[in-house]
Number of protein chains: 2
Amino acid sequence: MKIGELSRATGTNIETIRYYERIGLLPAPDRTAANYRSYGDAHRSRLSFVRHSRDLGFTIEEIRSLLDLSDDPARDCSEADRIATRHLEQVEEKIAQLTLLRDELTRIVGRCRGGVAADCRVIEALGDHSHCESAH
Amino acid sequence: MKIGELSRATGTNIETIRYYERIGLLPAPDRTAANYRSYGDAHRSRLSFVRHSRDLGFTIEEIRSLLDLSDDPARDCSEADRIATRHLEQVEEKIAQLTLLRDELTRIVGRCRGGVAADCRVIEALGDHSHCESAH
DNA sequence: ATGCACCCCGTAGCAACTACAGGGTCAAGC
DNA sequence: GCTTGACCCTGTAGTTGCTACGGGGTGCAT
């Protein structure tokens with residue numbers, strides 16, 4: 001399978017595939033006589049793993065560790081669990097942060113009564129943190 | 001006020017202040033005889049506005065628009081409201097996304113029973129999107 | 001005169017891509 | 001047989017919002 005086909009099969013940009021190869025996340029595939037990259041099923045499933053993990057918000061370095069782990073089937077699974085659990089905690093923290101932010105923004109947006117910028121409550125609220133009800 | 005003092009007064013890194021000046025978000029201040037930047041109250045409140053807006057997640061370009069607006073007090077306030085409302089929508093969308101993500105991660109993490117990587121449910125779930133209950 | 005804290009400038013690095021520029025390859029159609 | 005178009009190659013530079021140097025100058029106290 002050539003790179004365009006792999007791209008369509010996994011929903012990954014061609015440039016991104018080459019980028020993953022450059023940073024050593026995907027192994028360099030064989031080349032055709034014309035120097036085109038030639039991929040097999042192993043590449044496709046590895047790339048799917050990477051994309052799915054990225055979609056779930058794992059960093060490249062976390063994915064690298066997870067791939068190392070799955071490349072060595074004798075290793076203990078707890079490392080994978082640790083990485084996923086920590087990531088879950090980060091996501092939960094981010095949600096909490098954004099929720100505070102949303103409340104603050106809702107308050108600020110709700111203050112707009114129209115009119116000119118000089119009287120704008122939105123601009124006023126942005127300039128003055130003391131209007132806020134929570135830390136952020 | 002010198003840059004270090006402004007930095008402490010607004011909780012902004014010195015390098016960040018110089019960066020904001022370089023990209024034209026803060027006006028270049030006067031200089032002392034020793035070529036040190038010398039700031040006044042107007043700079044401090046403008047920088048506070050920027051920091052507060054950044055904390056609320058506005059992009060530099062959005063902040064630029066908001067500053068332009070507040071520099072011209074005769075302009076209509078609706079632009080500010082539009083920017084803030086759109087930003088609020090983005091935050092809400094991000095929260096929704098992250099919530100789906102969190103649910104998926106919770107499900108994946110919950111599957112770990114220990115053991116070796118070859119049987120790891122976490123790694124299996126990452127490799128195979130079809131285990132997922134929602135799109136992401 | 002010698003520390004030390006502070007300031008200057010310019011450039012490079014981070015994450016995770018994305019977007020060129022400037023080329024080569026290959027099959028189909030005229 | 002020659003062009004058109006879709007595909008592929010490499011290498012480098014751009015994106016966002018900073019942060020971190022390296023290699024200097026300034027100002028004040030000891």
Side-chain angles (χ1 to χ4, degrees), chain A residues 1-26 28-39 43 46-67 83 86-87 90-91 94 97 101 136, chain B residues 1-26 28-39 43 46-67 83 86-87 90-91 94 97 101 136:
Chain A
M1 154 171 42
K2 281 189 284 177
I3 199 168
E5 205 182 331
L6 181 64
S7 164
R8 283 185 297 275
T10 60
T12 313
N13 197 319
I14 288 178
E15 321 264 25
T16 305
I17 297 174
R18 287 199 279 249
Y19 168 71
Y20 286 162
E21 180 183 327
R22 205 159 56 242
I23 64 171
L25 207 58
L26 293 183
D30 291 342
R31 299 290 182 122
T32 68
N35 200 32
Y36 288 4
R37 289 173 179 79
S38 176
Y39 297 97
H43 288 101
R46 195 176 179 91
L47 180 53
S48 297
F49 184 100
V50 171
R51 284 317 308 166
H52 192 201
S53 303
R54 285 293 301 131
D55 287 346
L56 287 167
F58 289 94
T59 65
I60 299 281
E61 289 314 307
E62 286 167 339
I63 296 169
R64 215 186 279 279
S65 303
L66 291 166
L67 283 170
I83 292 172
R86 197 192 42 195
H87 180 54
Q90 283 166 6
V91 169
K94 188 81 194 169
Q97 258 179 36
L101 219 73
H136 47 247
Chain B
M1 162 171 33
K2 281 188 287 181
I3 200 168
E5 205 181 333
L6 181 64
S7 165
R8 283 183 297 274
T10 59
T12 312
N13 197 318
I14 288 179
E15 321 264 24
T16 306
I17 298 174
R18 286 198 280 249
Y19 167 71
Y20 286 161
E21 180 182 327
R22 203 159 57 241
I23 64 171
L25 207 58
L26 294 183
D30 291 342
R31 299 290 183 123
T32 68
N35 200 31
Y36 289 4
R37 286 172 180 81
S38 177
Y39 296 98
H43 288 100
R46 194 176 180 91
L47 180 53
S48 298
F49 183 100
V50 171
R51 285 314 310 169
H52 193 202
S53 303
R54 285 293 300 133
D55 287 345
L56 288 166
F58 288 94
T59 66
I60 298 282
E61 289 315 307
E62 284 166 342
I63 295 170
R64 214 187 280 280
S65 302
L66 290 166
L67 283 170
I83 292 172
R86 197 191 42 192
H87 180 55
Q90 282 165 5
V91 169
K94 188 81 193 170
Q97 258 177 37
L101 220 71
H136 47 246

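Numbered from 1 within each chain, the chains take letters A, B, ... in sequence-line order. Just so it is clear, the values below take in all heavy atoms, side chains as well, and ignore hydrogens, waters and symmetry mates. This is a predicted model, so every value here is computed, not measured.
- Protein atom CG of B/Asn13 is 5 Å distant from nucleotide atom P of D/dT19, rounded to whole Å.
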- Sugar-phosphate atoms are those with a prime plus P, OP1 and OP2; base atoms are the rest. Using that split, label each nucleotide of nucleotides 8-14 of chain C B, S or - for protein heavy atoms under 4.0 Å, 5' to 3'. SS-----

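- Comparing C/dT18, D/dC8, D/dC18 by their closest approach to the side chain of B/Tyr20 singles out D/dC18.
- Remark: B/Arg51 is not in phosphate contact with D/dG17, judged by side-chain N or O atoms under 4.0 Å from OP1 or OP2.
- Residues that satisfy the ring-ring contact (aromatic ring centres under 6.0 Å, His included) test with B/Tyr39, not counting sequence neighbours, are B/His43.
- Between A/Arg18 and A/Glu21 no salt bridge is recorded (no basic side-chain N to carboxylate O distance below 4.0 Å).
- Nearest-nucleotide assignment on DNA chain C puts the 5′-proximal partner with B/Arg8, out of A/Glu61 and B/Arg8.
- A sub-4.0 Å separation between OP1 or OP2 of C/dA16 and a side-chain N or O of A/Thr16 is absent.
- Residues B/Leu6 and B/Thr10 come closest through the heavy atom pair O-OG1, 2.8 Å.
- Between A/Tyr19 atom OH and D/dT10 atom P the separation is 17 Å, expressed in whole Å.
- The heavy-atom pair separating B/Asp55 from A/Leu101 by the smallest distance is O-CD1, 3.4 Å.
- A/Met1 places its CE atom 16 Å from the C1' atom of D/dC8, with the value rounded to the nearest Å.
- Among all heavy-atom pairs drawn from B/Arg46 and B/Leu25, the shortest one is NE-O, 3.3 Å.
- As rounded to whole Å, 16 Å separates atom C1' of D/dC9 from atom CG of A/Leu6.
- Distance CZ (B/Phe58) to P (D/dC18): 14 Å, rounded to an integer number of Å.
- Among the candidates A/Lys2, A/Met1, A/Arg31, the single residue satisfying the side-chain contact (heavy atoms from CB on, under 4.5 Å) test with A/Arg37 is A/Arg31.
- Across the protein-nucleic acid pair, B/Leu25 atom CG and D/dC18 atom C1' stand 13 Å apart, rounded to whole Å.
- Using a 4.0 Å cut-off between charged nitrogen and carboxylate oxygen, B/Glu61 and B/Arg64 count as a salt-bridge pair.
- In this entry the distance linking CG of A/Asp55 with P of C/dA16 reads 13 Å, nearest Å.
- Across all strands, B/Thr59 comes closer than 4.0 Å only to sugar-phosphate atoms, never to a base (heavy-atom distances).
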